[in-house]
Undergrad: 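Sharing a structure, written as structure tokens. Questions coming.
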Amino acid sequence: MSISSARLCLWVGVSAAAVLAPSALAATSVSRDGVTWTFGRDYATGQYVNGDPWVVGPVTITAISPEPADGRNGTMVNPPVGTTQGFDKDFTPGYNDYVPALNVGTNLPLTVPPDCSIVSSITADGWTPFYTIETFAILTVVREAPAAGSFRPCAIGSGSRASVWNASGIDYARLNALPRAPLSAAPPLASYVGYFSHAWLELNPSWTGRYLHPPYMGENGYGQYIAYRTGIAALLLNLDYSDAEKRDLLIGVIQVGLDNYGFITQGGLWAADGGHNVGRLAPLVMAAGVLNDPDLKAAIQGAAMKFQEYQSTFLVTTADVALVHGVWDPQLQRLAGVNGDPVYDYTAEDVGLPEWGIRHTWQVALDNNWFGAAYRSINGATHLGPTMAARVMGLRKAMNWEALFLYAERHVDFEQSIDYRGEFIYNETPLFFRQFYNTYKEAELGTVLTPTFDPPGGTYADSQSVTLATLTPGASIRYTLDGRTPTSTSGTVCVGPVTIASTGRLQAIACKSGMTSSRVAGGAYTIGVTPVEIVNGSFEDGTTGWVVSSTDTNAAAFVIGAHEGRTDRASALVLGAHDARGNAVFEQAVPTTAGTGYALPFDFGAFGSTGRPQLLRVEARHGTNVLAGMTVSADGPGTYDAGNTTFQSYALTFTAAAAITHLRFRDLTSLANSGACDGILDHVGCRNSGKVARAEARQVSHSASTHD
């Protein structure tokens with residue numbers, strides 16, 4: 001804030017002198033972020049902890065710069081929640097309609113009483129659909145000078161402008177201090193301070209509210225990018241920066257959180273709607289945590305249903321299973337989802353599954369049990385910000401909405417799994433979010449980080465030297481190899497790499513005085529067995545590594561990729577050449593150990609006409625001896641569209657009889673019953689076998705999400 005004609009206000013008289021707060025100055029004008037408010041005389045003024053100005057009123061404003069004129073650079077007093085505004089006339093008609101009477105800047109001089117917020121805007125040079133407003137600046141008219149260090153009260157709606165929260169109440173110990181060294185994608189904390197040093201104004205709770213957002217809030221004012229910005233800030237504040245380094249960003253994030261709380265208390269909420277309204281939860285989570293305020297904690301509870309993150313996440317119930325999903329699309333002549341998406345209903349096996357629905361609380365029929373459903377990728381990519389910040393700050397129970405946490409985990413775990421086929425390619429979870437999750441998903445405030453094993457448990461030909469480590473500085477590690485569970489006082493103290501010479505289980509715990517010990521980490525090591533390596537099991541390199549034979553002169557198979565409607569950058573093997581004949585055998589020899597059990601997992605599906613099942617014979621062979629075999633079938637989705645293929649996961653188990661085992665896949669489909677339909681093979685693997693469970697079918701999407 002700049003102060004013109006500033007001087008200490010000294011009144012001399014027979015009565016006691018008027019006393020101002022230590023930060024109060026008399027001024028005829030104050031400025032913030034390019035906006036200057038000029039007064040009719042000197043008034044007592046000062047700054048809130050975030051730099052926004054206050055003035056003791058009533059105050060008469062004689063001029064505002066930039067000058068409000070021609071429906072630009074408008075000013076409102078106590079703007080209410082709603083879809084009309086007095087800031088700028090150039091918004092798209094129907095999107096935040098301009099009401100000239102709301103622009104008080106055109107009626108100066110203006111006397112503003114106490115308990116009011118003067119919100120002024122600067123219109124950007126050159127009109128664009130987004131960023132019409134370059135910045136907002138807020139001057140608060142108070143009854144008396146607030147205490148030094150006070151946060152600015154929310155600027156919207158009516159009510160007291162007395163300060164409720166103060167920076168002296170920030171408990172930095174409620175932030176975690178996780179090592180940032182493992183997070184190569186983490187941006188510098190200082191690079192985010194600027195985004196939160198300006199006024200974040202939320203007025204319009206509908207999707208058109210994005211057009212009011214200045215550029216510092218997020219790209220094109222869109223909720224997805226607001227969520228990235230607020231989520232990244234929340235996670236950065238839980239890394240191992242000093243309190244002094246965190247202070248400026250934390251002050252800005254808390255102020256945004258308090259403003260979002262004010263929006264809620266004025267009747268606003270961010271309803272589930274595409275990708276528009278995510279991103280407002282994380283700042284309030286941070287404010288509630290470090291200020292430890294019961295009212296703020298009540299507002300972040302899922303049951304309050306004030307945030308899109310809560311409204312769109314749920315656990316599947318029997319009611320969801322009974323509901324027929326989708327809405328009738330007259331053009332497609334079928335039930336369809338958003339943007340004409342195919343719709344998959346829930347089954348009894350899905351009850352309890354953490355799920356996401358585009359408008360679950362108010363248009364439940366659009367829930368869609370399909371990873372490719374429109375806006376699923378946009379929303380899911382943002383959820384790790386607030387959930388991981390809450391987890392590492394110990395606020396998960398306070399939020400009390402497990403569906404959000406469990407869905408965030410499910411979403412990113414799927415994205416990082418071998419089953420992922422690019423369903424979220426256009427809106428993949430930011431790398432920093434994924435790194436934070438993968439590194440600190442077990443972290444909790446005050447608890448030592450769980451030890452890691454390098455190399456991890458697995459099957460090895462020779463003994464292994466395993467390095468145990470924890471990211472908590474100064475922590476010690478104890479381990480066991482005899483089946484007993486280590487504790488802070490039992491087990492061998494780790495002073496170097498642990499040698500695993502024979503098959504067994506390694507367990508370890510990390511401990512530090514003054515902190516809760518970590519959970520016990522465990523890893524099973526199988527020693528003396530050579531791991532199996534399938535060459536090109538997902539056919540990313542065509543049929544390299546496979547011996548292919550055919551009884552037909554046509555091609556035995558082709559590898560399907562992006563040229564066939566697959567937008568997932570992945571490949572699969574089609575058992576035929578668009579003629580669907582049973583004409584191909586695919587075989588690969590793999591190294592095995594006689595007498596050892598193995599599992600042969602694979603995915604099989606079909607595309608093309610329905611009612612013409614494709615058959616695949618799978619065998620593990622030693623010479624002419626079949627060690628184990630199974631025949632599986634799949635039918636097409638009704639259209640020649642590989643992008644909508646449903647895959648079923650299978651696993652053949654066998655016991656090896658020699659050092660080499662031949663894995664064979666044979667297409668059994670005959671021309672008579674196939675028609676325009678082909679089987680698809682993908683994700684072939686081989687591993688030392690424990691008990692192998694048959695996986696569920698997966699709907700596979702290859703469609704792009706758009707920004708609506």
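Residues take their numbers from the sequence shown, with the count starting at 1.
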Undergrad: Mind checking whether Ser163 and Tyr48 have side chains closer than 4.5 Å, heavy atoms only?
TA: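 Yes. Closest side-chain heavy atoms under 4.5 Å.
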Undergrad: Decide if the gap between the ring center of Phe371 and the ring center of Phe414 is smaller than 6.0 angstrom.
TA: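 Distance test on ring centres: under 6.0 Å, yes.
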Undergrad: For Gly491, does its backbone N or O pair with a side-chain atom of Arg478 as donor and acceptor, under 3.5 Å?
TA: yes
Undergrad: Please evaluate residues Asp171 and Arg174 with respect to the criterion salt bridge (charged side-chain N to carboxylate O under 4.0 Å, His left out), reporting the C-alpha separation (whole Å), side-chain torsions for both, the decisive distance (0.1 Å), and the verdict.
TA: CA-CA 6 Å; Asp171 185 354; Arg174 293 182 179 274; 3.4 Å; yes
Undergrad: Without swapping roles, check the side chain of Gln311 against the backbone of His360 for a donor-acceptor pair under 3.5 Å.
TA: no
Undergrad: Output yes when a side-chain donor or acceptor of Asn260 lies under 3.5 Å from a complementary backbone atom of Leu284, and no otherwise.
TA: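 Between the backbone of Leu284 and the side chain of Asn260 there is no qualifying donor-acceptor contact (under 3.5 Å).
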Undergrad: So, do Ser538 and Val684 sit near enough that their side-chain heavy atoms are less than 4.5 Å apart?
TA: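 No - every pair of side-chain heavy atoms lies 4.5 Å or more apart.
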Undergrad: Keeping Thr230 on the side-chain end and Ala282 on the backbone end, is there a donor-acceptor pair under 3.5 Å?
TA: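 No: the side chain of Thr230 does not pair with the backbone of Ala282.
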Undergrad: Who pairs with Met515 by side-chain contact (heavy atoms from CB on, under 4.5 Å), at least two apart in sequence or on another chain?
TA: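 Testing Met515 for side-chain contact (heavy atoms from CB on, under 4.5 Å), a comparison that skips the adjacent residues, returns Val448, Thr472, Lys512.
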Undergrad: Answer with yes or no after comparing the ring centroid distance for Trp165 and Phe151 against a 6.0 Å cut-off, counting only values under it.
TA: no
Undergrad: What pairs with Glu444 under salt bridge (Lys or Arg N to Asp or Glu O under 4.0 Å), at least two apart in sequence or on another chain?
TA: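 Not a single residue meets the salt bridge (Lys or Arg N to Asp or Glu O under 4.0 Å) criterion with Glu444.
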Undergrad: Asp248 side chain to Val193 main-chain N or O, any donor-acceptor pair under 3.5 Å?
TA: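 Not confirmed, Asp248 side chain does not pair with Val193 backbone.
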Undergrad: What do you reckon, are the aromatic ring centroids of Tyr216 and Tyr195 less than 6.0 Å apart?
TA: no
Undergrad: Donor-acceptor check, side chain of Thr470 to backbone of Pro451, threshold 3.5 angstrom: yes or no?
TA: no
Undergrad: Exactly one of Glu409, Glu442, Glu402 should register a salt bridge (charged side-chain N to carboxylate O under 4.0 Å, His left out) with Arg391. Which one does?
TA: Glu409
Undergrad: Is the backbone N or O of Ala288 less than 3.5 Å from a side-chain atom of Lys297, with the two atoms forming a donor-acceptor pair by type?
TA: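 Looks like no, no N/O pair under 3.5 Å.
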Undergrad: Backbone N or O of Met393 within a donor-acceptor pair of the Asn176 side chain at under 3.5 Å?
TA: no
Undergrad: Would a line drawn from the ring center of Trp356 to the ring center of Tyr375 be shorter than 6.0 Å?
TA: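 No, the ring centres sit 6.0 Å or more apart.
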Undergrad: Please tell me whether Phe602 and His683 form a close aromatic pair, meaning their ring centres lie under 6.0 Å apart.
TA: no
Undergrad: Side chains of Gln416 and Asn438: do they bring a donor and an acceptor to under 3.5 Å?
TA: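 Yes - a donor-acceptor pair under 3.5 Å links their side chains.
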Undergrad: Using a 3.5 Å distance criterion without hydrogens, assess whether the side chain of Asn238 forms a donor-acceptor pair with backbone atoms of Ala234.
TA: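 Yes, Asn238 side chain to Ala234 backbone: donor-acceptor pair under 3.5 Å.
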Undergrad: So, do Ile527 and Asp462 sit near enough that their side-chain heavy atoms are less than 4.5 Å apart?
TA: no
Undergrad: Just by distance, do the side chain of Asp682 and the backbone of Phe604 share a donor-acceptor pair under 3.5 Å?
TA: no
